[in-house]
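Please read the structure below before turning to the comments.
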2 protein chains.
Amino acid sequence: MEEVILGFLSSGAMTGYDIKQVMSVSTSFFYDASYGSIYPTLKKLEKKGFVTSKEVVEGRKVKVFYSLTDKGRKEFLKWLEKPSAPANTKYEFLAKLFFARHLPKDRLLAMVSRHISEIREVLSKLQMIEKEMKNHADTYQMYTLKFGIDFFTFLATWYENLFEEINAGTEKGEETGDGQ
Amino acid sequence: MEEVILGFLSSGAMTGYDIKQVMSVSTSFFYDASYGSIYPTLKKLEKKGFVTSKEVVEGRKVKVFYSLTDKGRKEFLKWLEKPSAPANTKYEFLAKLFFARHLPKDRLLAMVSRHISEIREVLSKLQMIEKEMKNHADTYQMYTLKFGIDFFTFLATWYENLFEEINAGTEKGEETGDGQ
DNA sequence: GGGGACATGTAATTGGTTACATGATTAC
DNA sequence: GTAATCATGTAACCAATTACATGTCCCC
């Protein structure tokens with residue numbers, strides 16, 4: 001988290017609020033944070049000397065802008081090159097699929113199709129963002145968006161296949177639900 | 001987490017150690033936990049009345065077996081049908097890709113290929129598990145494994161494409177690295 | 001004057017990890 | 001006899017969320 005915030009600040013001073021806004025339209029599908037995490041993290045980063053804050057008065061409102069220090073930039077670049085595991089732990093829906101033998105098939109099918117429509121929702125949101133971002137985002141930011149779109153497309157088709165397979169099983173009259 | 005443990009117990013009494021073992025060969029790529037999480041969770045579940053424990057003496061060793069109560073089974077089934085978001089937050093490598101403009105391209109390419117080989121490692125591990133599991137896992141457990149294999153295959157090909165695209169860009173002599 | 005977006009923050013709690021501590025059993 | 005794995009657990013710590021608290025600005 002700390003490093004991601006440094007990353008956002010690497011293209012200029014921002015407020016905590018700004019960071020949250022930018023996150024929610026650019027990285028939220030693979031990296032998100034709440035205000036309750038962002039603000040304290042910024043203070044922590046300041047204490048560590050990775051960022052500096054500047055209060056800017058706008059009318060009678062005071063905004064707090066944070067900017068990277070050299071030390072902070074170094075820290076960020078160090079993080080950037082550090083290898084990171086492909087681990088993608090905690091996918092709740094899949095955990096449910098793992099235990100799906102305890103569910104009657106009609107309920108399971110309902111769950112799967114619900115999941116598919118949620119995936120499709122995210123997908124269309126990402127596609128809208130992609131259109132808006134085109135031009136004023138850099139190549140790599142577009143790649144990550146592309147990843148999101150490709151990934152959720154993969155998910156949608158995967159679960160559509162799953163639906164068909166389960167459905168085919170049902171028609172043949174397999175065992176369903178939880179007798180225990 | 002609590003519910004996943006209930007899920008494991010739904011097919012019979014197990015020790016905390018057993019749960020961890022089974023997890024690591026069946027769900028670890030989408031759901032994992034440490035002993036320091038499993039044991040306290042089991043005690044918590046017992047306090048809530050979702051499981052009961054039984055100490056079984058084996059030689060001079062004492063194993064603690066946990067089993068589901070009716071209340072626990074109900075809780076588990078309730079969880080199973082509750083909708084869960086497709087959110088897959090915190091994918092560190094993608095966050096790094098998002099900020100990759102700060103990296104010289106050769107370093108980025110090295111990172112990507114490193115990531116690809118880590119993905120391939122997970123993939124071959126999953127394929128081995130699939131062979132072992134075939135027959136003594138149920139349909140749905142095989143589906144989740146299949147998901148893992150398909151997902152990591154997707155990742156590998158996606159990043160291989162990315163590698164080629166970045167590489168093509170380099171050859172044309174694009175801007176590289178971080179001047180700041 | 002009320003609702004929504006702007007803007008900043010704290011406190012309580014949750015959910016987990018890592019490291020530590022301990023001891024038995026098995027296999028070499 | 002010693003290393004690996006089996007087996008259980010606790011304490012310290014950490015990262016992050018939710019809920020709360022406060023207030024401004026702007027538009028209808």
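Below, each value reflects all heavy atoms present in this structure, side chains not excepted, and no hydrogens, waters or symmetry copies. Quantities reported herein were computed from a predicted structural model and do not represent experimental measurements.
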Value in whole Å for how far the P atom of dA21(D) lies from OH of Tyr39(A): 18 Å

Tyr35(A)/Tyr17(A) aromatic ring centres below 6.0 Å: yes

Bend angle of the helix from dG1(C)-dC28(D) to dC28(C)-dG1(D), end axes from five pairs each (to 10°): 20°

Proximity to the side chain of Val64(A) - top-ranked nucleotide from dT17(D), dT8(C), dT24(D): dT8(C)

Proximal nucleotide (of dG9(C), dG16(C), dC6(C)) relative to the Gln21(A) side chain: dC6(C)

Interatomic distance, Lys44(B) NZ vs dT10(D) P [rounded to whole Å]: 14 Å

Validation row: Gln141(A), Arg101(B) side chains within 4.5 angstrom (heavy atoms): yes

Output field: ring centroids Phe99(B)/Phe8(A) closer than 6.0 Å: yes

Contact nearer the 5' end of DNA chain D, comparing Gly36(B) with Lys61(A): Gly36(B)

Length of the line joining Ile5(A):CD1 and dT8(C):P, which is rounded to integer Å: 13 Å

Under-4.0 Å salt bridge between Lys44(A) and Glu2(A): yes

Separation of dA7(C) P from Asp18(A) CG (nearest whole Å): 7 Å

N/O (side chain, Tyr35(A)) to phosphate O (OP1/OP2, dT8(C)) under 4.0 Å: no

Interatomic distance where CD1 belongs to Ile38(B) and P belongs to dT18(C) [whole Å]: 13 Å

Residue-phosphate contact under 4.0 Å: Tyr17(B) side-chain N/O, dC6(D) OP1/OP2: yes

Whole-Å gap separating C1' (dT17(C)) and OH (Tyr31(B)): 15 Å

Phosphate contact (dC6(C) OP1 or OP2) by Lys20(A) side-chain N/O below 4.0 Å: no

Distance below 4.0 Å between Lys63(B) side-chain N/O and dA7(D) OP1 or OP2: yes

Near-ring test Tyr31(A)/Phe98(B), centroid separation under 6.0 angstrom: no

Residue-phosphate contact under 4.0 Å: Lys90(A) side-chain N/O, dG16(C) OP1/OP2: yes

Gap between atom CZ of Phe147(A) and atom CZ of Phe152(A) - 0.5 Å precision: 9.0 Å

Distance, rounded to the nearest Å, where Lys54(B) contributes NZ and dT8(D) contributes P: 16 Å

Thr15(B) vs dT8(D): side-chain N/O to OP1/OP2 distance below 4.0 Å: yes

Between Phe50(B) and Phe76(B), ring centroids under 6.0 Å: no

Main-chain N/O of Lys43(B) paired to Lys48(B) side chain as donor or acceptor, under 3.5 Å: no

Ile19(A) CD1 to dT8(C) C1', straight-line distance once rounded to whole Å: 13 Å

Which nucleotide in dG9(D), dG16(C), dG9(C) has an atom nearest any side-chain atom of Met1(B): dG16(C)

